[in-house]
J.: 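Have a look at this one.
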Amino acid sequence: MTVRTDRYDPEIVERKWQEEWERRGTNLFTDDELRTAEDPYYNLMMFPYPSAEGLHIGNVYAYVGADANGRYWRLRGKDVFEPMGFDAFGIHAENYALKVGTNPNELIPQNIANFTRQLKRFGGMYDWNHTVDTTDPSYYRWTQWVFLKLFEGGLVERREAPVNWCPSCLTVLANEQVIAGLCERCEATVEQRRLPQWFFKITRYAERLLGNLEQIDWSDVTKKAQANWIGRSEGAEVAFPAGAGVIEVFTTRPDTLFGATYMVLAPEHPDVDRLTTPEQRAAVEAYRAEVATRDLVERQKERKDKTGVFTGSFAVNPTNGQEIPVWIADYVLMGYGSGAIMAVPGHDQRDFDFATAFDLPIVRVIARPGDDASTPLTEAYAGDGVMVNSGRFDGLTVAEGKRAVVEWLANDKSAARARVNFRLHDWCVSRQRYWGPPIPIIHCDTCGPVPVPESELPVEHPPLEDFQPDDSGVSPLRRATEWYETPCPRCGRDAHRETDVTDNFLCSGWYFLRYPSARHDDVALDPELTRKWLPVDSYIGGNEHAVLHLMYARFLTMALHDLGVLDFEEPFDRFRAHGLLISGGRKMSKSKGNVVLPDKIVARFGADTMRLYLLFLGPYEHGGDWQDKGIQGPFGFLNRLWQSARDAVDGAPDPDVERALHRTIRQVTEQVPALQYNTAIAAMMEYLNVVRADGRTPRRSELEPLLVLLAPFVPHVAEELHARFGHARSIFDGASWPAWDESKLADETVEIAVQVNGRLRGRVSIAAGVDEADVIAAATANENVARHLADKTLRKTIVVPDKLVNLVVG
RNA sequence: GCCUGGGUGGCGAAAUUGGUAGACGCGCCAGACUCAAAAUCUGGUAGGGGCAACCCUGUGAGAGUUCGAGUCUCUCCCCAGGCACCA
């Protein structure tokens, strides 16, 4: 063995191997290789928006965790496809371009070049042969194609509807982009506007989007967030006769129908005009005007103080024929159910507050044990009980009553039917902005909205000097007159293009489908490649996209499945949300000065150390706290590893070391695919400590398997030391993942904990596997144990083989 | 309010799922090397008591089950995230 005297220099090692991998095409697939791969594994991570600032350490955290997974499976012999791309359309890029006064067309390519440099420098195993850039016409051509597929399938609709308008971004937003009444991007208070917009009918898929959650292997947090967002409620639709028509309401508590003492419509409800009496008109109009000036954020603040106005009209409670007044109030939302409710103040706290404020009758219709029909209510009672004051239904439980009342109303009065309601809204996909794929539709006075023929895709967005959005609700693309005016593809008459662009989440909603086909310009999705590689085997990303990207991606996949494009309906077999990376105990922010810059870390310690530290910080799915000093641990570890390999001598492993090795192999093999990186790394550190214990000289055979175990985390060092041990091929191609041998795991002697009455009193060393009597004999022979046994009677002994003895005395 | 996670040394965290609490790492303390510092190496490090062998206390709080509880059950407190006048 040659003795080398060099020190670990990450800069040199990493440059060398990055160049080498590129030269050899180590991570690249040819089209042919993609088609013939024997054991495909599609390892996906969320592609970044290429910001001007470069990769955020949070992105890096996501990527190195996902890359470790990909490299692990490659070492296990799979053909791992790990592509990367850029999500470069959208308001974020456009706003930044406006701020610095350039065109995103110029800005984005620079940012992408910088991101690519960083991604390569951090040692990701990306297949740069199969990349996507959502702003490239060769990509968004097919984004438009997806739009048209859904359009043809009847899943797209243009309609005038109350939509979320961000007065700062000057565009509409999807429901998912409004967080507590604020724009998720700029935190401006979102207004409600009535505008014609394009919608994807995601609500048609609500039941499937919810139901499939049970079958997919996803992080629990993510599934819960989606279920929450879809918001399924079982109940009934009930018609209350009112004036010449009826008011439809949705209720989850049909058992309380007898207690409905008034009704409330949302102020924007279309029936308000019809139901308002002349005497009440002035008051109703005043109230509606006042509500219109208040935004959603204010409406939420005033939750406790209920406001509202009587319309002057009455409706009939179909259960008991009573006339009940119809009010309007802003605590009823137009956007949920039918925008009208039956108010049951006895059993709904909001209705109770309203009834109290306006002196409306409160009737008990559910009694809990101990109450009777006349027990007064001091607050709404929403719990279980039996029905009272409900005629023939008295005595039924809540659950029985729900069914019975609906059945009765449905059969005898045609006034009700069981119904499931969802919180999920249709996805508003149109944006009145510049930096996105134009919606491929042409408006013709004769033919209506006509899809642009597939052969004419992409509809490229026209170059615009002035792409500043305005408050008109019309996209800046309207200013490109020559582009705007175009003949109708159907009848040839003068027509004009749709000027809205699509939501950025449409670009990112299908990119993973495109990667394998990225080199094919003639087709969106090559059928053979799609069948081979999709659905995605592993997807790792942040949970902030639980109800945005991940919901849309599932919807689009389901829709394309139903349209015959795909033969699967769930896009990601496994999804794992990584945790949040914080710094010094707090969220990273520029103002707090605790932002971690990956380029600086790499320059100082190298990519391997950064990767190792990021994954060692804490459980990957919980996140971790970056502490600047902590990185010294992994850095020191790699230095010791380097020295150990440099000084290693030939020879069989020492038996004690070999035992530790087999345990380490087992632990790493089990924990890496479960993303338990922090403990797997700890195990390898512990193992190296054993290898180097008491200054002993390591054997090469003790280190070679360790290099393979480490390769997913520190690919450059592993590759270099593997080569220095004389291997010509890359560790990722030539080395096989070590196997552990069960027979080599067990110690010959074990240390048994001896408890007396459950308290630890001593430890004894004993040969493994001896029988109980001998264990007890050894235990009682222990001096300290014997002292605790003196003068006592042994009543019971519990023996856990090779681990513990508990002597119960009295 | 509802739904998820969490709460363990000075800090980030482990704990084979009911069996020796604190692995691994940071920090800190002491020592070696050095004119010195850095780096590196060695040892120590939950708290309290004791010269020591040892003893007591200890996983957010309180109760329970058990030979034995960080782990299971019940009640409560706190932190983070999701949803939220959703009928």
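Because the structure is predicted, anything quoted here is derived from the model rather than measured. Just so we're on the same page: letters track the sequence lines, and every chain starts at 1.
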J.: Reading nucleotides 47-57 of chain B from the 5' end, what letters show protein touch, with B for base, S for backbone sugar-phosphate only, - for no heavy atom under 4.0 Å?
T.: -------SSSS
J.: Which atom pairs, donor and acceptor, lie under 3.5 Å between side-chain atoms of residues 798-810 of chain A and protein residues at least two apart or in another chain?
T.:
residue : atom : partner : partner atom : Å
A:D802  : OD1  : A:G769  : N            : 3.0
A:N806  : OD1  : A:G758  : N            : 2.9

J.: Counting only heavy atoms and a strict 4.0 angstrom limit, can you tell me which residues of residues 545-554 of chain A come near RNA chain B?
T.: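 When residues 545-554 of chain A is checked for heavy atoms under 4.0 Å from RNA chain B, there are no hits whatsoever.
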J.: Considering only B:A87, B:G12, B:C83, which nucleotide approaches the side chain of A:D625 most closely?
T.: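 My answer, after comparing the listed nucleotides, is B:G12.
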J.: Just call it for A:W229: base, sugar-phosphate, or nothing, with non-hydrogen atoms closer than 4.0 Å on any strand.
T.: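 Result for A:W229 = sugar-phosphate.
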J.: Below 4.0 angstrom, N of the basic side chain to O of the carboxylate: do A:K744 and A:E742 qualify?
T.: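 Result for this pair is no, no salt bridge flagged.
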J.: A:W327 vs A:F354, test: ring-ring contact (aromatic ring centres under 6.0 Å, His included). Steps then yes/no.
T.: CA-CA 10 Å; A:W327 287 63; A:F354 191 83; 5.5 Å; yes
J.: Does a side-chain N or O from A:N678 land closer than 4.0 Å to OP1 or OP2 of B:A14, or not?
T.: yes
J.: Considering only the C1' atoms, how many Å lie between B:A84 and B:U71, rounded to the nearest integer?
T.: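 Pairwise C1' distance, B:A84 against B:U71, rounds to 34 Å.
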J.: Going by purine N1 to pyrimidine N3 plus the second Watson-Crick contact, or the G-U wobble pair, all under 3.5 Å, which nucleotide sits opposite B:U34?
T.: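 Across all strands, not a single nucleotide pairs with B:U34.
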J.: Whether A:R350 contacts B:C86 is assessed here as follows: a side-chain N or O lying under 4.0 Å from the phosphate OP1 or OP2. Is that the case?
T.: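 Checking B:C86 against A:R350, a side-chain N or O does come within under 4.0 Å of OP1 or OP2.
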J.: Now, which nucleotide makes the Watson-Crick or G-U wobble pair with B:U66, with each of the two distances under 3.5 Å?
T.: none
J.: Under a 3.5 Å cut-off for both contacts, is B:U59 paired Watson-Crick or G-U wobble with anything, and if yes, with which nucleotide?
T.: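 Base partner found: none.
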J.: Do any side-chain atoms of residues 541-551 of chain A form donor-acceptor pairs under 3.5 angstrom with protein atoms, and if so which ones, sequence neighbours left out?
T.:
residue : atom : partner : partner atom : Å
A:N543  : OD1  : A:T222  : OG1          : 2.7
A:H549  : ND1  : A:S508  : O            : 3.2
A:H549  : NE2  : A:Y539  : OH           : 2.7

J.: Ignoring backbone atoms, test whether A:K224 places a side-chain nitrogen or oxygen under 4.0 Å from the OP1 or OP2 oxygen of B:G82.
T.: no
J.: Using a strict cut-off of less than 4.0 Å between a Lys/Arg side-chain nitrogen and an Asp/Glu carboxylate oxygen, indicate whether A:D694 and A:R696 qualify as a salt bridge.
T.: no
J.: Between B:A87 and A:S233, is there an OP1 or OP2 to side-chain N/O distance shorter than 4.0 Å?
T.: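 So the side chain of A:S233 is within the cut-off, an N or O lying under 4.0 Å from OP1 or OP2 of B:A87.
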J.: I'd like to know if A:D220 pairs up with A:K223 as an ion pair, taking the criterion as any Lys NZ or Arg NE/NH1/NH2 lying under 4.0 Å from an Asp or Glu carboxylate oxygen.
T.: no
J.: Which nucleotide in the set B:A14, B:G19, B:G82 lies at the smallest distance from any side-chain heavy atom of A:N806?
T.: B:G19
J.: Taking the C1' atom in each of B:G5 and B:A39, what is the distance between them to the nearest angstrom?
T.: 42 Å
J.: Please state the P separation for the pair B:C56 and B:G60 - nearest whole angstrom.
T.: 22 Å
J.: Would you mind building the protein contact string for nucleotides 24-31 of chain B? One character per nucleotide, 5' to 3', B for base within reach (heavy atoms under 4.0 Å), S for sugar-phosphate only, - for untouched.
T.: BSSS----
J.: List the residues meeting ring pair (Phe, Tyr, Trp, His ring centres under 6.0 Å) with A:F505, not counting sequence neighbours, and say none if there are none.
T.: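 Partners of A:F505 under the ring pair (Phe, Tyr, Trp, His ring centres under 6.0 Å) test: A:Y552.
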